Protein chains: 2
Amino acid sequence: MAAWRRLVAVVELLPGVLDGQLRRDAQLTHFDYHVLAMLSEAPHRVLRMTDLATRTNATLPRLSHVVRRLEERGLVERAPCPSDGRATNARLTEAGWATVRATAPGHVATVREHVVDALSPEQVTQLAGIADALLRRLDPDGRLTGALDQSRRP
Amino acid sequence: MAAWRRLVAVVELLPGVLDGQLRRDAQLTHFDYHVLAMLSEAPHRVLRMTDLATRTNATLPRLSHVVRRLEERGLVERAPCPSDGRATNARLTEAGWATVRATAPGHVATVREHVVDALSPEQVTQLAGIADALLRRLDPDGRLTGALDQSRRP
DNA sequence: CCAGATCACTTGTACCTACAAGTGACACCG
DNA sequence: CGGTGTCACTTGTAGGTACAAGTGATCTGG
């Protein structure tokens, strides 16, 4: 079978595996986790909704709903931005931070189990190059990989 | 950044690209397309719902809803299986077959554009090996890749 | 041969996501 | 300063997916 077809199969199956593990272990969607993880890496664990949306590849409506649900669970807080009245800052609460710390190891272990351990060291190196090349097309601005321009700050 | 994190980013972005192209060009979900494609490759273009579910990595309820919608659009027909009264056979109609033929080239072109053309020939070869290794963990029975046991037939 | 278990679905309900419309807040131009 | 346009969200509605329960048909043991 052609290489691309196998890639499509991987792309079809892997999200389900990652999502399932997080749902079981932390009652979080993979997207939820991504939101919390991005916040946890930000300075003061605060980000504008717009920045958070680009970092998670989400539309603003979708992010708004998700953050509202996370806020109801006490993992995130929202507050109007002092410097720009239009903007909203999302901040990771202590409970949210604790959730990330408790969840990250299991998530990383799942990825390791299903990806890294399935490949030889050379293949891991090759994969890095391949993923890099693909992301230059899929995500030219590096929004998901953290190479975002840092000019605007909350 | 680690290789696996870039892979996760790819896995996050690629489905959206594939889905978007099919929605625009054929008003089909990527999952819808996968259902039609599996039927188009089956003998007589007929498959049991259960077989179709494993081949598309879907739960039976999900498949049932999707096939109902495809049936309403005239792309698929359902009929009770003659040999097993419990089973339902899904058959690709002429309209469905025409849709697959009309849609496949654009879909393949999209994959080519975003994947194959982004990589060097060596990388494509490497990717085949990597995807193979990953699928041995993610899909040990080869359900999505067509290596399914062929004992039960409609 | 028939009661219970299993199988192959279908249907119903709840949740999540996408798209569209609406609401204040800022920015620029005269 | 107003008025217009844009920005940054929020809310509402429709469509898709997951989980749970229900319906016949088939198998199995006594």
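Model, not experiment: these values are computed from the prediction. In what follows, every heavy atom counts, from backbone to side chain, and hydrogens, waters and symmetry copies are set aside.
By the side-chain contact (heavy atoms from CB on, under 4.5 Å) test, A:His30 is found to be paired with A:Leu18, A:Asp19, A:Leu22, A:His107, B:Val8, B:Glu12, residues two or more places apart in sequence or in another chain being considered. Here A:Arg86 pairs with A:Asp84 under the side-chain contact (heavy atoms from CB on, under 4.5 Å) rule; sequence neighbours left out.
The stretch residues 19-38 of chain B has no heavy atom under 4.0 Å from DNA chain C, so no residue of it qualifies as close. Near DNA chain D, meaning a heavy atom under 4.0 Å from it, residues 56-67 of chain B has B:Pro61, B:Arg62, B:His65, B:Val66 in order of number.
Across C:dC26, C:dC9, D:dT17, the shortest atom-to-atom separation from the side chain of A:Asp84 is found for C:dC26. Side-chain atoms of B:Arg69 lie closest to D:dG16 of the nucleotides D:dG16, C:dC7, D:dC9. Listed nucleotides C:dC9, C:dT17, D:dC9 differ in distance to A:Ala87; the shortest reach to its side chain belongs to D:dC9.
Following rounding to the nearest Å, B:Glu71 (CD) and C:dT10 (P) show an atom-to-atom distance of 9 Å. In this structure, the CZ atom of A:Arg86 is 13 Å from the C1' atom of C:dT23, given to the nearest Å. For the pair B:Glu72 CD and D:dG15 C1', the computed distance is 13 Å after rounding to whole Å. As a whole-Å value, the separation of A:Arg68 CZ from D:dT10 P is 10 Å. In this structure, the CZ atom of A:Arg48 is 13 Å from the P atom of D:dT10, given to the nearest Å. The CG-C1' distance, from A:Asn89 to C:dA25, rounds to 15 Å in whole Å.
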Validation: residues 73-82 of chain A side-chain donor-acceptor distances under 3.5 Å, sequence neighbours left out:
from	atom 1	to	atom 2	distance (Å)
A:Arg73	NH1	A:Gln27	O	3.1
A:Arg73	NH2	A:Gln27	O	3.0
A:Glu77	OE1	A:Arg91	NH2	2.7
A:Arg78	NE	A:Glu71	OE1	3.0
A:Arg78	NH2	A:Glu71	OE1	3.1

For residues 95-103 of chain B, tabulate all N or O donor-acceptor pairs below 3.5 Å that involve a side-chain atom, not counting sequence neighbours.
from	atom 1	to	atom 2	distance (Å)
B:Thr99	OG1	B:Ala95	O	2.8
B:Thr103	OG1	B:Thr99	O	2.6

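The same ILVMFWY cluster, assembled from side-chain heavy atoms under 4.5 Å apart, contains both A:Leu47 and A:Leu63.
The backbone N or O of B:Glu113 sits less than 3.5 Å from a side-chain atom of A:Arg137, completing a donor-acceptor pair.
For the residue pair B:Val10 and A:Ala131, the shortest heavy atom distance occurs at CG2-O, 4.0 Å. The shortest non-hydrogen separation linking B:Arg55 to B:His34 is O-CE1, 3.3 Å.
Summarising the geometry, atom CG belonging to B:Leu70 is positioned 9.5 Å from atom CD belonging to B:Glu72; distances are rounded to the nearest 0.5 Å.
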